[in-house]
Amino acid sequence: MSVRWQSLIVGLACALAGCGGDGSQMRFVENSTLAKPVHRKARVVVTKQLEEHFGTPLNSVAWLKLPVKYGRAEGKVTAIEDQTVTVELNAESADLTGFDAADFAGTELLLTSGANQGKTVTLVTFDGKKKTFEMAASDVVPAVNDQFVAGGNVLRHGRKLYARHCQHCHGISGDGDGPTAKYLNPRPRDYRQGKFKFTSTAGPAGKATRDDLRRIVGQGIPGTYMPAFVPMLKDGEMTAIIEYVRWLALRGEVEWQLLGQFKEDYAADRAKKEAKEPVDQAKSAVDQAKLAIKEIDETIKANTDESKKAELDGSKKEAKAALAAAEKELDKAKSQMSAKETEAEKQLDTQLKEFEKAGLAELLEEVTGDLADKWNAVEEEGALIIPEMARVPDSAESRKNGKELFFGKVANCVNCHGLAGKGNGAQTEEVGKNLRTGELYPAPGLYDDWDQPIKPRDLTRGIYRGGRRPIDLYRRLTQGIKGTPMPGAPKTLKPEQIWDLVNYVLSIPFDPSTPKAAPAHSVVGQSGEKGHAN
Amino acid sequence: MRKFWCGFFIFWPIAAVVYSAVSPQFNWWFPGPSVTELGQRIDNLFYLILIIVTAVFIGTQVALGYVLWRASHSKAERAWFTHGSHNLEVIWSVVPSVILLFLALYQMDVWALFRVQSFFPKEALNAPVAEVTARQFEWRIRYPGLDEHGVPKKLHLKPQPDDLYTVNDLHVPIGRPVMINLRSDDVQHSFFLPHLRIKQDAVPGQIIPIWFKPERQGNFDLACAELCGWGHYKMRAQLIVEREVEFQAYLQKLRADQNYDGHATPSAVAKKDE
């Protein structure tokens with residue numbers, strides 16, 4: 001009996017303690033498709049840089065060069081009483097809105113002036129209304145008028161929420177390759193190109209705004225596996241997730257840019273290529289020499305003039321000597337190849353080390369500056385696409401105009417979306433070319449920027465992934481869908497023409513002339529369509 | 001050791017009764033009183049069954065405790081073995097059958113009101129307020145469009161051009177019976193309103209009507225109660241019971257938001273979305 005009791009107690013203890021791991025499996029993975037053509041030493045440099053500036057999933061770094069709102073607060077102490085520090089925040093610290101007390105729990109307040117300059121205090125809570133921090137007990141006591149920087153917990157909070165709700169599809173690195181991803185069609189978004197499909201702003205970079213992301217996370221994407229997260233996620237949680245997703249996207253983009261740069265200068269096969277160059281030269285010299293002999297042989301054969309024979313024999317002798325020399329040269333080059341390769345490797349190494357010391361910081365500055373510009377540009381007032389005119393009333397005439405445009409040469413929607421709008425246009429039968437690699441795609445049809453096959457939307461189903469409001473359709477039509485073959489409408493189309501198209505597209509599911517799928521079952525009271533409009 | 005087992009079997013019925021008695025005070029029981037009257041009647045049925053089984057449970061435990069206690073008390077008295085008693089068997093078969101029959105008959109009107117369409121309030125049955133479609137992993141909601149006076153039209157089985165759509169956010173008016181049509185887009189889900197005591201499976205290929213008459217304003221949980229896939233827990237939505245005017249205003253706002261073209265004045269929520 002005693003044995004049984006013991007095992008019961010042991011079982012309980014295990015259940016209470018939980019079988020916690022150390023989370024060591026959580027790590028960012030390299031963008032392997034991009035990294036493949038890059039020299040392994042350069043790859044190490046990229047990984048090192050990413051780790052320095054972004055940290056690991058469990059120990060994220062808030063790199064201040066990125067356009068991410070970490071919930072950082074700057075200001076000065078105005079009063080202090082026991083453990084409560086009343087502060088005045090700088091105007092730039094307005095990004096604290098949307099964060100509650102929990103976001104500051106366990107973060108640090110760094111004093112940047114006064115007697116305790118450089119020292120830190122651990123915070124317990126933040127009261128946004130009273131502008132007070134609650135400190136944990138500490139030897140360091142800030143004085144009135146001390147300047148400080150306090151770190152918000154946004155990344156940590158966002159990471160936790162991301163891990164719980166998003167990671168199993170979108171992956172730890174935001175590569176859209178989590179464990180459930182392979183069962184989904186369409187695939188979850190890979191953030192690492194910084195491309196998001198449904199945005200509300202124009203511009204060549206076409207980044208998503210915070211509100212675009214909030215809309216997608218909150219409302220979901222109908223017709224896909226992206227569910228709506230409101231009301232499960234509260235406002236502050238949404239803010240944290242959105243900032244974390246932006247941070248992941250920026251991490252992916254920095255990796256993308258660095259690897260892209262290194263692909264040119266530090267290709268994986270650079271040393272081999274350099275070492276092979278003299279061999280190739282020698283080989284072509286041998287080939288030339290052989291060709292010369294052949295030519296002379298032919299001339300000798302064709303020659304009938306006895307007087308020239310001696311001369312020709314002479315030049316053949318010469319050519320043979322040249323061939324022997326070239327062959328000797330080739331042997332030499334071949335024997336030196338491995339040494340040359342080692343030397344080239346060494347040269348690459350020194351060059352890379354030099355670059356790491358001198359040029360890398362500048363490159364990172366350039367990359368992050370460029371990214372910050374792009375991501376901030378869409379947040380600016382005026383970036384939002386607002387049509388020049390209100391929606392053209394949804395009349396039969398407007399729909400007719402829209403239909404003409406749909407089938408016309410300028411908009412040419414029919415090419416992909418098909419005659420009946422079912423997403424089976426002529427283009428879906430053609431074998432396309434991958435513009436990045438220059439190769440043909442393995443199967444006919446359209447592909448997106450992530451090299452996944454993609455189907456044009458079936459417009460008869462009444463499912464609008466980017467939103468069903470007229471403004472949503474207007475934005476889809478004018479700027480296209482990022483990362484997909486859906487282009488923005490040509491600039492020659494006037495706003496009223498776009499509205500005509502919107503009116504026509506919205507009418508397609510209810511157009512009696514468009515063929516519908518036959519009812520799948522004859523269940524009484526069931527509407528026939530599969531996956532009803534929603 | 002004999003005393004131990006004796007105490008062990010007597011402890012549990014006492015613990016169960018004490019636990020049940022204090023549960024409502026700590027909210028370990030139902031999530032508050034039901035928001036609907038029908039829900040209250042379902043609770044009453046539940047309590048009736050609870051009282052019957054508690055009486056039986058205590059009776060059998062007391063008998064068991066008594067037997068154990070007596071046997072542990074004297075070593076002289078020996079247990080006797082019997083091949084059974086025909087009369088006893090008849091009694092313990094007939095009595096539960098009668099109780100079961102009683103319950104089956106007693107609950108019939110509640111069941112009919114809850115499930116049988118001909119017993120549904122006519123006003124609810126004739127004008128469903130919305131269609132709720134469960135899908136992996138969210139609730140998509142479709143209200144009928146509004147006519148020129150702002151009054152909701154009839155909800156068609158097939159989508160109409162002026163239908164209004166939301167997700168995870170079901171609004172209903174207080175004080176009158178409302179009916180929704182429940183559908184599923186993919187697998188089996190279950191429409192669960194714990195505060196209204198409603199739980200109904202959503203079955204692909206079927207439209208299942210559910211009615212209720214909410215009597216209390218508020219924001220209540222709507223969850224999926226059928227394990228429907230890896231994202232089952234994500235199917236958390238809200239039911240908002242509000243006054244008729246607020247409900248009508250909500251539909252108006254929904255229509256304004258859905259027709260937003262960048263120029264018409266969107267409502268506050270639409271602005272927030274932008």
Side-chain angles (χ1 to χ4, degrees), chain A residues 1 164-165 168-169 179-180 183 200 209 211-212 214-215 218-220 222-223 225-233 384-392 394 461-462 464 467-475 499 502 506-507 509-510 520-521 523-534, chain B residues 1 4 131-133 135-142 156-169 181 183-186 203-209 219 221-223 229-240 256-264 266 270-274:
Chain A
M1 205 221 40
R164 185 176 305 156
H165 299 299
H168 58 81
C169 287
T180 44
Y183 305 109
S200 57
T209 65
D211 287 340
D212 288 335
R214 182 175 287 270
R215 197 176 154 83
Q219 305 296 304
Y225 276 91
M226 175 74 186
F229 282 92
V230 165
M232 185 164 67
L233 291 181
L384 208 63
I385 294 182
I386 298 288
E388 279 168 42
M389 56 181 293
R391 180 183 180 185
V392 172
D394 183 17
R461 290 181 66 184
Y464 305 97
R468 61 165 54 245
R469 300 177 305 169
I471 185 80
D472 295 325
L473 270 77
Y474 188 95
R475 286 170 181 162
W499 279 128
V502 169
L506 279 172
S507 78
F510 307 102
H521 314 282
V523 179
V524 176
Q526 191 206 6
S527 55
E529 86 279 66
K530 196 180 156 213
H532 78 138
N534 201 343
Chain B
M1 204 62 239
F4 170 80
E131 177 189 83
V132 176
T133 305
R135 65 184 291 263
Q136 287 172 326
F137 297 98
E138 62 195 359
W139 305 90
R140 293 258 159 206
I141 294 152
R142 179 168 69 94
H156 289 262
L157 287 181
K158 279 196 172 186
Q160 299 300 308
D162 55 355
D163 282 342
L164 303 172
Y165 295 89
T166 64
V167 58
N168 288 352
D169 191 19
N181 285 335
R183 301 176 54 151
S184 169
D185 240 8
D186 33 46
V203 183
Q206 279 192 28
I207 297 175
I208 301 172
N219 189 334
D221 285 336
L222 160 58
W230 49 264
H232 169 57
Y233 80 98
K234 287 179 181 168
M235 294 188 68
R236 182 170 160 193
Q238 59 186 10
L239 171 80
I240 293 178
D257 292 350
Q258 196 165 297
N259 289 322
Y260 180 56
D261 63 354
H263 286 269
K271 247 180 204 154
K272 210 173 123 197
D273 275 351
E274 280 309 306

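Just so it is clear: chains get the letters A, B, ... in the order the sequence lines come, proteins before strands, and each one is counted from 1. Side-chain atoms are counted along with the backbone in the values below, which use heavy atoms only and exclude waters and symmetry mates. Keep in mind it's a predicted model, so treat the numbers as computed, not measured.
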Separation between CD (B:Gln258) and CZ (A:Arg468), nearest 0.5 Å, reads 5.5 Å

Closest non-hydrogen atoms of A:Arg469 and B:Asp257, given as atom of the first, atom of the second and distance, are CD-O, 3.2 Å

Test of understanding: with side-chain hydrogen bond (donor to acceptor under 3.5 Å, both in side chains), list the residues that count as partners of B:His232, not counting sequence neighbours.
none

Taking C-beta and beyond as the side chain, do A:His165 and B:Tyr233 meet within less than 4.5 Å on heavy atoms?
yes

So which part of A:His168 gets closer than 4.5 Å to some heavy atom of chain B, the side chain, the backbone, both or neither?
side chain

For the OH atom on A:Tyr225, are there more than 12 heavy atoms of other groups (residues, nucleotides or ligands in this structure) within a distance under 6.0 Å?
no

Determine the minimum heavy-atom distance between B:Phe137 and A:Pro227, stating which atoms define it.
O-CB, 3.3 Å

Nearest heavy-atom approach of B:Arg135 to A:Pro222 is NH1-CA, 4.2 Å

Contact winner vs chain B - A:Gly220, A:Pro387, A:Cys169, A:Gly218, heavy-atom pairs under 4.5 Å:
A:Pro387

Identify the heavy atoms of B:Tyr260 and A:Pro470 that sit nearest to each other, and give their distance.
O-CD, 3.4 Å

Rounded to the nearest 0.5 Å, what's the gap from OH on B:Tyr165 to OH on A:Tyr464? Could you check?
8.5 Å

Could you list the residues that satisfy side-chain hydrogen bond (donor to acceptor under 3.5 Å, both in side chains) with A:Asp394, not counting sequence neighbours?
A:Arg399

Can any side-chain N or O of B:Glu138 pair as donor or acceptor with the backbone N or O of A:Ala228 at less than 3.5 Å?
yes

Distance check, rounded to the nearest 0.5 Å: A:Met232 atom CE versus B:Asp221 atom CG?
12.0 Å

Output for pair (B:Asp261 CG, A:Ile386 CD1), nearest 0.5 Å, gives 9.0 Å

Would you check if the side chain of B:Asn168 reaches a backbone N or O of A:Val230 as a donor-acceptor pair within less than 3.5 Å?
yes

